[in-house]
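Some notes on the structure that comes next.
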Amino acid sequence: MHLAYPAVLAVLLFCVGLYGVLARRNAILVLMSVELMLNAVNLNLVAFDVWLRDTLHAGQALTLFTIAIAAAEIGIGLAIVLLVYRNRGSSDVDKLTDLAEQPAGDGTDEHARPQSDQQAEAAA
């Protein structure tokens, strides 16, 4: 078997996964797209391991580690998504801006100013 066939399939899988990460708003679909990208890497590792005829099978060993990391990532990721869904009622990635940094100097946030400034303004 030629190396080009699994390499092209891996590139297609990776591109579909990358599109899913960049274009989707649902957190579960983003996690599935990350899994597609990891599977494309696994396919490349195994294909190059077979093509190089490595006696230690390093590509297959790295694939096992990647599968273990992917399983841990999906477990933690799904737990986070379920917790966010339970608290907010939506798993839309664009709506998760509570922890985002606020732009400095807009003057709309009264809690961001030091206490002494608020006291001086109240006294005046």
Side-chain angles (χ1 to χ4, degrees):
M1 180 173 68
H2 296 286
L3 183 61
Y5 299 132
V8 168
L9 181 62
V11 166
L12 290 175
L13 276 175
F14 194 85
C15 289
V16 168
L18 186 63
Y19 173 74
V21 167
L22 295 177
R24 299 295 177 190
R25 295 181 184 200
N26 190 349
I28 294 177
L29 292 177
V30 171
L31 286 174
M32 289 174 58
S33 299
V34 170
E35 290 296 322
L36 272 176
M37 292 166 57
L38 287 173
N39 284 330
V41 171
N42 287 340
L43 183 62
N44 266 337
L45 284 172
V46 171
F48 277 97
D49 182 55
V50 170
W51 183 64
L52 293 174
R53 293 188 174 100
D54 186 18
T55 57
L56 295 175
H57 298 294
Q60 293 178 15
L62 285 174
T63 299
L64 288 176
F65 284 117
T66 308
I67 290 171
I69 289 170
E73 175 257 334
I74 201 70
I76 292 171
L78 279 177
I80 291 171
V81 168
L82 287 175
L83 186 67
V84 166
Y85 183 77
R86 184 182 301 160
N87 288 336
R88 307 253 167 80
S90 173
S91 62
D92 191 2
V93 176
D94 291 337
K95 293 181 182 177
L96 302 177
T97 59
D98 287 348
L99 297 178
E101 291 186 25
Q102 300 297 324
D106 61 355
T108 59
D109 192 11
E110 289 293 323
H111 301 291
R113 295 190 321 182
Q115 188 70 17
S116 60
D117 290 345
Q118 290 177 1
Q119 289 173 351
E121 195 173 283

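When a residue number appears, it is its place in the shown sequence, counting from 1. Keep in mind it's a predicted model, so treat the numbers as computed, not measured.
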Non-hydrogen atoms of Leu13 and Ala40 that approach each other most closely: CB-CB, 3.8 Å
Could you give the distance from CG (Asn42) to CD (Glu35), rounded to the nearest 0.5 Å? 9.5 Å
Under a single-linkage definition using a 4.5 Å side-chain heavy-atom cutoff for Ile, Leu, Val, Met, Phe, Trp and Tyr, are Val11 and Val41 assigned to the same hydrophobic cluster? no
Would you give me the side-chain donor-acceptor pairs under 3.5 Å for residues 64-86, sequence neighbours excluded?
from, atom 1, to, atom 2, distance (Å)
Thr66, OG1, Leu62, O, 2.8

Just verifying a value: how many Å separate Leu45 CG and Gln60 CD, rounded to the nearest 0.5 Å? 10.0 Å
Please report the shortest heavy-atom distance between Ala58 and Asp49, naming the atom on each side. N-OD1, 3.7 Å
More than 12 non-hydrogen atoms from neighbouring residues, nucleotides or ligands closer than 6.0 Å to CZ on Arg88, yes or no? yes
First locate atom CG of Leu9, then atom CZ of Phe14, and finally report the distance between them rounded to the nearest 0.5 Å. 14.0 Å
Provide the closest heavy-atom pair for Ser91 versus Asn26 in the form atom of the first, atom of the second, distance. OG-OD1, 2.8 Å
Can you name the nearest heavy-atom pair linking Gly17 to Ser33, along with the distance? O-CB, 3.3 Å
